[in-house]
Each structure stands twice: as structure tokens, then as C-alpha cells.
Amino acid sequence: MKYLRFIWYAVISWWPMMAFHELGHVIGALIAGAKIENVVLWPWTFSETIRVGSKSPLLDTWLGPVFGAYVPLALYGYLRNRRFPGRGWLGYFAGFCLIANGLYIGLGWIDRVGDAGDLLKLGAPIPIMAIFGIVSACLGIHIWHHELFR
């Protein structure tokens with residue numbers, strides 16, 4: 001039964017994970033003075049934020065995965081000791097966001113896809129991207145282990 005719940009949580013976590021990630025890009029773009037031309041956020045596609053004229057494109061590119069991974073973790077940390085019906089999903093969701101964003105950046109540089117490809121073009125060092133990926137994914141797995149499989 002735990003594994004069915006695990007799969008169901010993955011299905012319902014995909015779109016909100018992308019929403020947090022794209023919100024990070026939007027906030028980064030606003031901070032960097034970029035114009036946001038479009039935000040693609042459909043559950044059946046990969047999300048994307050089109051921004052132009054950024055004074056700091058490295059900042060608004062990094063803020064997507066950083067915000068997308070660590071804001072759900074902060075929400076989980078704040079709410080984890082409170083009793084409410086969605087607590088189990090929130091722990092799963094925080095871990096899911098950490099793993100998804102971590103692997104996206106930590107391994108994405110290999111094929112230079114999406115944000116990882118953009119970060120490389122902007123001069124982000126591969127070791128920093130790999131460290132972000134390792135730390136984020138390991139933290140997500142740690143949360144899953146303690147929240148879902150005890």
C-alpha cells in the first residue's frame with residue numbers, strides 16, 4: 001500500500017513542483033529587471049518561463065531550481081510537527097521537489113538540457129551544478145526515508 005501511495009503522490013506532485021520552480025524564475029526575473037514574456041505551466045508538458053532583458057541572467061536561471069527545491073523544504077520544515085491531514089504528502093512533496101530539481105541541474109549539464117544548459121552557457125561551473133544536485137537529491141531521499149518509509 002505504501003508504494004501505491006508513493007506513486008499517487010508523484011502524480012499529484014508534478015504540477016505543483018513545476019509551479020514552484022517557475023515561480024522561482026519569475027521572482028528571479030523581477031529581481032534582475034527582466035521582462036517576463038510567457039510562463040508555460042501545463043501539467044502535461046515541461047514548464048518554461050520566457051524572460052528577456054535580464055541584468056543578471058545567471059540569477060534568474062538559478063533561482064528556478066533553488067526556489068523550486070528549497071521553498072517546499074522550508075514549508076515542510078515549518079509545518080512538519082503540526083498535525084494536519086496533508087502532512088504525509090507535504091513530506092513527500094518536499095522530497096520530490098528536492099530530487100527533481102537536484103537531478104535536473106545535477107545531471108542536466110551532461111546533455112545540456114533546459115536550465116542546466118542555460119546555466120552552462122551563462123558560465124555556471126559544472127562542479128557547483130553537481131554539488132547542488134547531489135545535496136538536493138540526497139536531502140530529498142533522506143526526507144522520503146524518514147517521512148514515508150518508517
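What's counted below: heavy atoms across the whole structure, side chains too, no hydrogens, waters or symmetry copies. No experiment lies behind these values; they were computed from the predicted model shown. Note that the numbering runs from 1 along the sequence shown for the chain.
- For the residue pair L59 and A32, the shortest heavy atom distance occurs at CD2-CB, 4.4 Å.
- To the nearest 0.5 Å, atoms OG (S136) and CD1 (I131) are separated by 11.0 Å.
- Using a 4.5 Å heavy-atom threshold, the side chains of W109 and L119 count as separate.
- I7 and W14 are members of different hydrophobic clusters when ILVMFWY side chains are connected at heavy-atom separations under 4.5 Å.
- Heavy-atom minimum distance, C97 versus G68: CB-O, 3.3 Å.
- Between S13 and W89, the closest heavy-atom pair is OG-NE1, 3.1 Å.
- Close placement of the F93 and F20 rings is indicated, their centers lying within 6.0 Å of each other.
- Annotation: side chain of I143 is not in contact with side chain of Y92 (no heavy-atom distance under 4.5 Å).
- Between the CE atom of M18 and the CH2 atom of W42 there is a distance of 11.0 Å, given to the nearest 0.5 Å.
- Between the side chain of W15 and the main chain of I12, no donor-acceptor pair closer than 3.5 Å is present.
- A single hydrophobic cluster is seen to contain both I128 and L58, as judged by linkage of ILVMFWY side chains at heavy-atom distances under 4.5 Å, directly or through other members.
- Taken to the nearest 0.5 Å, the CG atom of N38 stands 12.0 Å off from the CZ atom of R51.
- Heavy atoms only, all atoms of each residue included: A116 and G108 are closest at CB-C, 3.4 Å.
- Note that CD1 of I105 and CD1 of I134 are 13.5 Å apart. Values are rounded to the nearest 0.5 Å.
- Residues I110 and I99 are members of one and the same hydrophobic cluster, defined by side-chain heavy-atom contacts under 4.5 angstrom among Ile, Leu, Val, Met, Phe, Trp and Tyr.
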Derivation and outcome, side-chain contact (heavy atoms from CB on, under 4.5 Å), residues L98 and Y76: CA-CA 12 Å; L98 285 159; Y76 169 67; over 6 Å; no
Steps toward side-chain contact (heavy atoms from CB on, under 4.5 Å) verdict (W62, L122): CA-CA 10 Å; W62 262 116; L122 294 167; over 6 Å; no
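- The side chain to side chain donor-acceptor pair (under 3.5 Å) test with T49 is passed by exactly one of E37, H21, H25, E22: E22.
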Working for side-chain contact (heavy atoms from CB on, under 4.5 Å), residues N101 and Y70: CA-CA 9 Å; N101 283 284; Y70 289 94; over 6 Å; no
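- The distance from the CG atom of D60 to the CD1 atom of I31 is 9.0 Å, given to the nearest 0.5 Å.
- Connection of L90 to V11 is established within a shared hydrophobic cluster, with ILVMFWY side chains joined at heavy-atom distances below 4.5 Å, either directly or through further cluster members.
- When hydrophobic clusters are built by joining Ile, Leu, Val, Met, Phe, Trp and Tyr residues whose side-chain heavy atoms come closer than 4.5 Å, directly or via intermediates, V40 is grouped together with W44.
- Atoms CG and CZ, from L120 and R112 in turn, are 5.0 Å apart once rounded to the nearest 0.5 Å.
- You'll find the side chain of I50 stays beyond 4.5 Å of the side chain of I36, heavy atoms only.
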